[in-house]
Number of protein chains: 2
Amino acid sequence: MSHDETLTIGALAGAADVGRETIRFYENKGLIDAPPRSPAGYRRYPQESVQRLRFIRRAQELGFTLSEVAELLALRVDEVSACGPVEVRAREKLEQVDAKIVDLKRIGASLRRLVDKCEARQPTSDCPILEELDERS
Amino acid sequence: MSHDETLTIGALAGAADVGRETIRFYENKGLIDAPPRSPAGYRRYPQESVQRLRFIRRAQELGFTLSEVAELLALRVDEVSACGPVEVRAREKLEQVDAKIVDLKRIGASLRRLVDKCEARQPTSDCPILEELDERS
DNA sequence: GTAAACCCTGTAGTGTGGTACAGGGTCAAG
DNA sequence: CTTGACCCTGTACCACACTACAGGGTTTAC
């Protein structure tokens with residue numbers, strides 16, 4: 001297989017730091033397109049697949065399920081996707097994202113208070129933390 | 001069972017909006033302490049358990065696994081052993097949280113641009129979402 | 001020209017985080 | 001003093017997102 005700008009599944013897996021099986025799994029789930037095949041039936045991936053895989057991974061880390069990631073990836077405006085429905089879905093995702101940010105900020109604030117308390121603690125006192133983790137909206 | 005400031009598992013489940021089974025599951029996993037029991041063996045929870053359960057739920061929604069939640073809750077540790085290692089853990093979580101916020105803001109900005117494009121009715125064939133997380137991989 | 005290293009399909013198994021019984025005891029109301 | 005709503009333990013099952021074979025073909029490096 002001469003080097004022809006495409007990647008085998010193994011090379012892609014290495015480049016994107018995921019397992020081979022994971023890539024086939026994502027293909028099955030429709031998260032990545034089925035790539036063209038070599039005469040012997042081997043998948044040949046374009047370089048951009050690396051970006052897509054990495055996006056999937058990071059979106060997952062942000063708390064999106066695979067089907068939510070699929071929705072994110074499907075959001076684009078072009079000849080085939082009309083503006084109306086795309087806009088609606090994009091707005092929904094945007095709300096999800098903003099809500100996640102709000103929650104994360106609240107958690108972050110709690111953690112920061114925690115860290116501050118640790119820094120300012122009196123030598124003899126315990127690390128008084130539980131209240132800091134409590135909700136209080 | 002006269003009202004004695006404690007909650008049955010069902011009352012707690014109702015107050016914290018989780019299933020009974022989930023509470024027992026968390027107890028098993030060490031996420032909540034085994035509460036005292038009534039003579040008949042019924043769990044009697046203090047009011048604070050509601051806060052703890054809600055914290056667990058919220059932290060989970062933000063992408064923390066149950067064992068990470070356990071870590072967060074364990075920051076409460078006991079006595080002298082506390083502050084040093086606790087502070088380190090808290091800082092690590094804080095960094096994770098801040099990084100997530102940065103990524104989510106990027107996705108949010110991307111979605112906002114997409115919505116704007118929709119409003120301006122300027123079809124494009126690129127995928128604005130995919131481009132957002134490219135930098136810094 | 002053969003062995004290692006890769007690829008294929010397909011199915012089974014894993015870990016996480018629950019959820020749903022089964023089979024039984026307890027308690028409060030009427 | 002029974003009936004229904006609650007509680008107990010324990011096990012089985014579920015969805016999600018992988019992960020690991022099995023059984024086979026292909027490519028490449030020596």
Side-chain angles (χ1 to χ4, degrees), chain A residues 1-46 49 52-73 96, chain B residues 1-4 6-46 49 52-74 96:
Chain A
M1 236 163 244
S2 49
H3 51 78
D4 54 6
E5 312 263 302
T6 69
L7 301 166
T8 62
I9 195 170
L12 175 59
D17 196 33
V18 302
R20 272 169 262 260
E21 311 293 330
T22 303
I23 295 173
R24 291 194 272 257
F25 175 75
Y26 287 167
E27 183 181 318
N28 243 289
K29 290 271 164 182
L31 280 143
I32 53 178
D33 296 330
R37 302 290 184 109
S38 76
Y42 287 20
R43 291 172 179 81
R44 312 311 323 266
Y45 291 96
S49 299
R52 171 158 289 221
L53 278 175
R54 288 217 259 252
F55 177 83
I56 294 169
R57 280 288 147 128
R58 303 196 57 203
Q60 269 190 285
E61 279 166 25
L62 297 177
F64 292 100
T65 66
L66 284 190
S67 42
E68 285 171 339
V69 176
E71 284 170 20
L72 279 175
L73 289 169
Q96 270 182 34
Chain B
M1 236 167 242
S2 48
H3 52 80
D4 54 6
T6 69
L7 302 166
T8 63
I9 195 169
L12 175 59
D17 195 35
V18 302
R20 274 168 260 262
E21 310 295 330
T22 303
I23 295 173
R24 291 194 272 257
F25 175 75
Y26 287 168
E27 183 181 318
N28 242 285
K29 290 272 165 180
L31 281 146
I32 54 177
D33 296 331
R37 301 292 184 109
S38 77
Y42 287 20
R43 291 172 179 79
R44 313 309 327 264
Y45 292 96
S49 299
R52 169 156 297 213
L53 277 176
R54 287 217 257 252
F55 175 82
I56 293 170
R57 280 290 148 125
R58 218 156 31 82
Q60 266 190 291
E61 280 165 25
L62 300 177
F64 291 99
T65 65
L66 284 190
S67 42
E68 283 173 337
V69 177
E71 271 179 47
L72 286 175
L73 290 168
Q96 281 176 24

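Heavy atoms only: backbone and side chains are in, while hydrogens, waters and symmetry mates are out.
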#### Entry: Heavy-atom side-chain proximity of B/L73 to B/I32 below 4.5 angstrom
no
### Message
Tell me every residue that passes side chain to side chain contact (heavy atoms under 4.5 Å, CB included) with A/T65, counting only those two or more places apart in sequence or in another chain.
### Response
A/S67, A/E68
### Query
Looking at residues at least two apart in the chain, or sitting in another chain, which of them share a side chain to side chain contact (heavy atoms under 4.5 Å, CB included) with B/P36?
none
### Query
Can you find a pair of side-chain heavy atoms, one from B/L66 and one from B/Y26, that are under 4.5 Å apart?
yes
### Query
Along nucleotides 2-9 of chain D, 5' to 3', which nucleotides get a B, which get an S, and which get a -, given that the test is a protein heavy-atom distance under 4.0 Å?
----BSSB
### Message
For B/Q96, give me all partners under side-chain hydrogen bond (donor to acceptor under 3.5 Å, both in side chains), at least two apart in sequence or on another chain.
### Response
none
### Query
Which residues satisfy the side-chain hydrogen bond (donor to acceptor under 3.5 Å, both in side chains) test with B/E27, sequence neighbours excluded?
B/R43
In residues 11-24 of chain A, what donor-acceptor pairs under 3.5 Å come from side-chain atoms, sequence neighbours left out?
residue	atom	partner	partner atom	Å
A/E21	OE2	A/R24	NH2	3.2

### Message
What I'd like to find out is whether the side chain of B/F55 reaches to under 4.5 Å of the side chain of B/R58, using heavy atoms alone.
### Response
yes
### Query
Between the axis at one end of the helix from C/dG1-D/dC30 to C/dG30-D/dC1 and the axis at the other (five pairs apiece), what's the angle to 10 degrees?
10°
### Task
Please test A/L7 against A/R44 for side-chain contact (heavy atoms from CB on, under 4.5 Å), starting from the C-alpha separation and ending with a verdict.
CA-CA 5 Å; A/L7 301 166; A/R44 312 311 323 266; over 6 Å; no
### Task
Show your working on side-chain contact (heavy atoms from CB on, under 4.5 Å) between A/I56 and A/Q60 and close with a plain yes or no.
CA-CA 6 Å; A/I56 294 169; A/Q60 269 190 285; 4.1 Å; yes
Would you tabulate the nitrogen or oxygen pairs shorter than 3.5 Å linking the protein to nucleotides 15-18 of chain C?
residue	atom	partner	partner atom	Å
C/dG17	OP1	B/L66	N	2.9
C/dG18	OP1	B/R57	NH2	3.1
C/dG18	OP2	B/Y26	OH	2.8
C/dG18	OP2	B/Q60	OE1	2.9
C/dG18	OP2	B/Q60	NE2	2.4

